Amino acid sequence: VGITQELTEGAGFSVAHQQMFGIYIFAKLAEFLKKRDQKKEHSKKVDKKLEDIELPGFLSIFNENMVATSLLMLLFFGIILLVLGKDYLIQAQFMQEGQSFLFYIMTTSLNFAVYLAILQLGVRTFVDELTQSFQGISNTILPGAVPGIDVAATFGFGSPNAVTIGFLFGALGQFLMIALLILFKSPTIVIAGFIPLFFDNAVIAVFANNRGGFKAACLFPFLSGIIQVGGSAVFATWIGMSKYGGYLGMFDWATAWPLFTLMMKFLGYVGIALVVVGLLIIPQLQYRKNPDGYFLIVDDYEQYAEKYHNEN
């Protein structure tokens, strides 16, 4: 809740999806990275964010998120579709006989950029309507409660290019780990899924950029990509999921869930109880750390920001 309120400047919602542990961990690491760099450089301006960067000359076209996303998706989807080949796409009924392969690649790639732009533009309206409709619940049944929604709701906040940067560096991390799995002859080879490739790493970049700047927005999605593929390969091999053709490789499923599985496998019902209790303890620890601001950050974000930012 806290890091999302800071990102959105009090939009009144939280991320409740399969990257929650990852977002929180990398947001905290981004903040640590920023403080370390500031201490090293004796300056408060070393944490330059993506929105502060203006590329010179011809490269200035990449300052526009729509252009950067379109070109990146054209490269990414273009390579994948060329590898699959026209014959396969026709056989799988993605393309029709006689349809131009070149224009199919272009429209597939550019349509994604359009959908992303629509998503980013519509997020604020969606969040505003959602939080207002949730007021009845938070004011009467569960005081201080906030709606928990998908990570895509954060894409409309912060730098629009953070989404693209997160996708790019997350992809590089995943491809590197895939190459290492092949090189070391892993019994399970994980092929990067598009959803963890995009949504996990894009949202990590959004939060990392907000709390740590440009360097964090590049570094942490890259590390996330490595962990997603490596963790999923190890876990899918260990529990036997590799026999069934796939595994849901979102960040939390490649990190926190293997730990939970270990506890449940070897401790049985006691392990299940420990997992449930452990998850319930997390908000209690957060409350104990800051009892005055725990509910204030949702009830009155402006007052919270004024009080705690001034203290910092």
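Nothing fancy with the numbering, it's 1 onward along the sequence. Just so it is clear, the model here is predicted, and its values are computed rather than measured.
Val229 places a side-chain heavy atom less than 4.5 Å from the side chain of Leu181. A heavy-atom distance below 4.5 Å is found between the side chains of Lys28 and Arg211. At least one side-chain heavy atom of Ile23 sits under 4.5 Å from a side-chain heavy atom of Val203. Looking only at side-chain heavy atoms (C-beta outward), Met264 and Leu274 stay at 4.5 Å or farther from each other. Residues Thr8 and Phe157 form a side-chain contact, since some pair of their non-hydrogen atoms from C-beta on lies under 4.5 Å apart. Side-chain atoms of Leu262 and Trp238, non-hydrogen and from C-beta on, do get closer than 4.5 Å to each other. With contacts defined as side-chain heavy-atom distances shorter than 4.5 Å, the pair Tyr287/Pro283 does not qualify. Between Leu296 and Gln303 there is a side-chain heavy-atom pair separated by less than 4.5 Å.
Interatomic distance, Leu81 CG to Ser109 OG, rounded to the nearest 0.5 Å: 6.5 Å. Atom OH of residue Tyr24 and atom CD1 of residue Ile282 lie 9.5 Å apart, to the nearest 0.5 angstrom. Tyr304 OH to Gln5 CD: the interatomic distance, rounded to the nearest 0.5 Å, is 9.5 Å. In this structure, Thr237 OG1 and Ile189 CD1 are separated by 9.0 Å, a value rounded to the nearest 0.5 Å. Remark: Ile3 CD1 to Met20 CE distance equals 11.0 Å, nearest 0.5 Å. Distance check, rounded to the nearest 0.5 Å: CG of Asn290 to CG of Leu285 gives 13.5 Å.
The backbone N or O of Phe103 sits less than 3.5 Å from a side-chain atom of Ser100, completing a donor-acceptor pair. For the pair Asn111 (side chain) and Thr107 (backbone), a donor-acceptor distance under 3.5 Å is present. A side-chain donor-acceptor contact under 3.5 Å links Thr154 to the backbone of Val151. At least one donor-acceptor pair closer than 3.5 Å links the side chain of Lys49 to the backbone N or O of Asn210. Under the 3.5 Å distance criterion, the side-chain polar atoms of Asp252 are matched with a main-chain donor or acceptor of Phe21.
Using the six-membered ring where Trp is involved, Phe167 and Phe76 have ring planes that are perpendicular, over 60° apart on the 30 and 60° scheme. Relative ring orientation between Phe155 and Phe199 is described as parallel, the plane-to-plane angle staying below 30° on a 0-90° scale split at 30° and 60°.
In this view, Lys86 satisfies the salt bridge (charged side-chain N to carboxylate O under 4.0 Å, His left out) rule with no residue, not counting sequence neighbours. With sequence neighbours left out, Phe207 forms a ring-ring contact (aromatic ring centres under 6.0 Å, His included) with no residue at all.
Cluster annotation: Phe101 is not connected to Leu75 through the hydrophobic network of ILVMFWY side chains, with a link wherever side-chain heavy atoms come within less than 4.5 Å. A continuous path of ILVMFWY side-chain contacts below 4.5 Å connects Leu82 to Phe175, so both sit in one hydrophobic cluster. Linking ILVMFWY side-chain heavy atoms closer than 4.5 Å, directly or via other members, places Ile178 and Phe184 in a single hydrophobic cluster. Under the 4.5 Å side-chain heavy-atom criterion for grouping Ile, Leu, Val, Met, Phe, Trp and Tyr, Val276 is not connected to Ile281 through any hydrophobic cluster.
Minimum interatomic distance between Pro147 and Gly12 (heavy atoms only, all atoms of both residues): CD-O, 3.4 Å. Here the closest non-hydrogen pair linking Lys215 and Arg36 is NZ-NH2, 4.5 Å. The two residues Ala205 and Ala162 come nearest to each other via the heavy atoms CB-O, 3.2 Å.
Applying the side chain to side chain donor-acceptor pair (under 3.5 Å) rule to pairs touching residues 10-21 yields His17-Gln19, Gln18-Trp253, Gln19-Asp200, sequence neighbours excluded.
Other residues, nucleotides and ligands contribute over 12 non-hydrogen atoms within 6.0 Å of the CE atom of Met263.
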**Study point:** Trace of the side-chain hydrogen bond (donor to acceptor under 3.5 Å, both in side chains) decision for Ser224 with Asn201
**Key:** CA-CA 7 Å; Ser224 170; Asn201 300 320; 2.7 Å; yes
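Between Phe220 and Phe169, a ring centre-to-centre spacing not shorter than 6.0 Å is recorded.
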